[in-house]
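The next block holds one structure in the form of structure tokens; read it before the comments.
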Amino acid sequence: MQLAIDQQRLAWELEALGEITDALPPAVTRVVYTAVDLRGREFVKKLCGEAGLELRDDAAGNTFARWAGGEPSLAAVGTGSHVDALPSAGRYDGTVGVLGGLEAIRALQRAGFRPKRSIELLIFTSEEPTRFGIGCLGSRLLAGMLDASAGARLKDRDGITLDEARTAAGFAGSLEEVRLPAGYYSAFVELHIEQGPLLEQRGVPLGIVTAIAAPSGLKIVIEGEGGHAGAVLMRDRRDAFLAAAEISLAVERSVLATGSVDTVGTVGVCEVFPGAVNSIPSRVRMEVDVRDIEESRRDSALTKIYSACEEIGKRRRVDVRSEVVNADPPAQCAPVVVEALVNACNAHGLGYDRMISRAYHDSLFMSRVAPAGMLFIPCRSGVSHRPDEYASPEAIGQGTLVLAEALAHLAS
Ligand code: GLV
Ligand code: MN
Ligand code: MN
């Protein structure tokens, strides 16, 4: 089989998708179920239709684009990623796995390959946690790792529920039906940018992921007492933001206390109410992200954060409420997928490193219902979740080539 990737076309498609944004290009903002998110999906769906793939959406808005195999009753092989993008993100996170997955299918079609198993390209809903505070919504629901009714009740900052938002976006039906039947996929492979610097630093073209780190997310609300910034004396204050500042430092201290470079913590959201320079903050809403490749070590950091919240709340006489949004276990990639990727790299004379994914991905949840694995390509300086995120057409082309080869093997 003579596989050839159309790098130029793929680069153009990535660029065109990047133009569909709520931010000023090159920044990409495509928050789930917004008009630009839907336009981004439509752009990809149109390309899938042109490639002859059969399209369907589920009730959560996950899209499946199927290339029917010679034996369509067999479990399918899945690939894909997401097109939603957090505020002021880049063009490559997720999209490389979606458009690269599509180009891998087109390359196989051009090569005259006939899959025995169907090959399905997925666009997962809301891999980014921006709107509902929890990432990988689509794949969680597919894997049955998020209860459908709890998922439906999730609310965004404006109090709009996931159920309201997805229905308004045109995704009808019951969320109960999103969960995949057992054995739906025989394998799942996701192509993604590394989002870290290692491949570039080592000059290695590809990374084969062996495990995905364990993410967790907390929502913390602090209620103090507002008042006049001039008239209320310092000793009488119950300033919610000062408690939030201490809690943020406690997050840093708690992750550093594990002594491992693999434990990381971020306070990415901190909203101060009422948000006026001459008004004492009465209320703060924070979102905290804590991760590790080892679940127990991550949990030890979380425990320290909870007790810091309690201590700081008491001492500062403010009410601190914390809610665990998610605390997911890590995933091991499936040997059958890792082996298919190793063989594909070897078949094309491309070097690879085995590596851990510190970022989370839909594969974390797909691994609960299918043998799953991931392939990383380098991105410039390891930069991601920023508008200057960049992966070269050559790097994307190499990843797509290896993905196509691995899909062919897994679908034969
Ligand atoms: C995914 O976007 C992550 O935050 O790891
Ligand atoms: Mn991301
Ligand atoms: Mn991603």
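Scope of the values below: all heavy atoms of this structure, side chains included, with no hydrogens, waters or symmetry mates. Whatever order the structure lists them in is the order used to number ligands and atoms, beginning at 1.
Using modelled atom types and a 3.5 Å distance limit, the side chains of Thr266 and Asp289 yield no donor-acceptor pair. No side-chain N or O of Thr29 forms a donor-acceptor pair with one of Asp22 less than 3.5 Å apart.
When distances to the Mn ion (ligand 2) are checked against a cut-off of 2.8 Å, His385 contributes an N, O or S atom below that limit.
Atoms of ligand 1 lying under 4.0 Å from at least one heavy atom of Ala359, given by number and element, are 5 (O).
For atom 2 (O) of ligand 1, the nearest protein heavy atom (residue, atom name, distance) is Glu128 OE1, 3.0 Å.
Salt bridge status for Arg91 with Glu19: present, with a side-chain N to carboxylate O gap under 4.0 Å.
Ring-plane geometry between Phe43 and Trp12 is classed as tilted, the angle between the planes lying from 30 to 60 degrees on a 0 to 90 degree scale.
With distances taken over non-hydrogen atoms, the option nearest atom 4 (O) of ligand 1 out of Glu127, Arg291, Arg358, His361 is Arg291.
At least one heavy atom of His385 sits closer than 4.0 Å to an atom of ligand 1.
Atom CG of Leu198 sits about 8.5 Å away from atom CG of Asp353, to the nearest 0.5 Å.
Sorting the N, O or S atoms of Glu128 by how far they are from the Mn ion (ligand 2) puts OE2 first.
A cation-pi arrangement, defined by a distance under 6.0 Å to the six-membered ring centre and an angle within 45 degrees of its axis, is present between Arg283 and Phe273.
His192 contributes NE2 and Asp93 contributes OD1; the angle these two atoms make at the Mn ion (ligand 3) is 90°, rounded to 10°.
The N/O atoms of Tyr360, backbone and side chain alike, include one that comes under 3.5 Å of an N/O atom in ligand 1.
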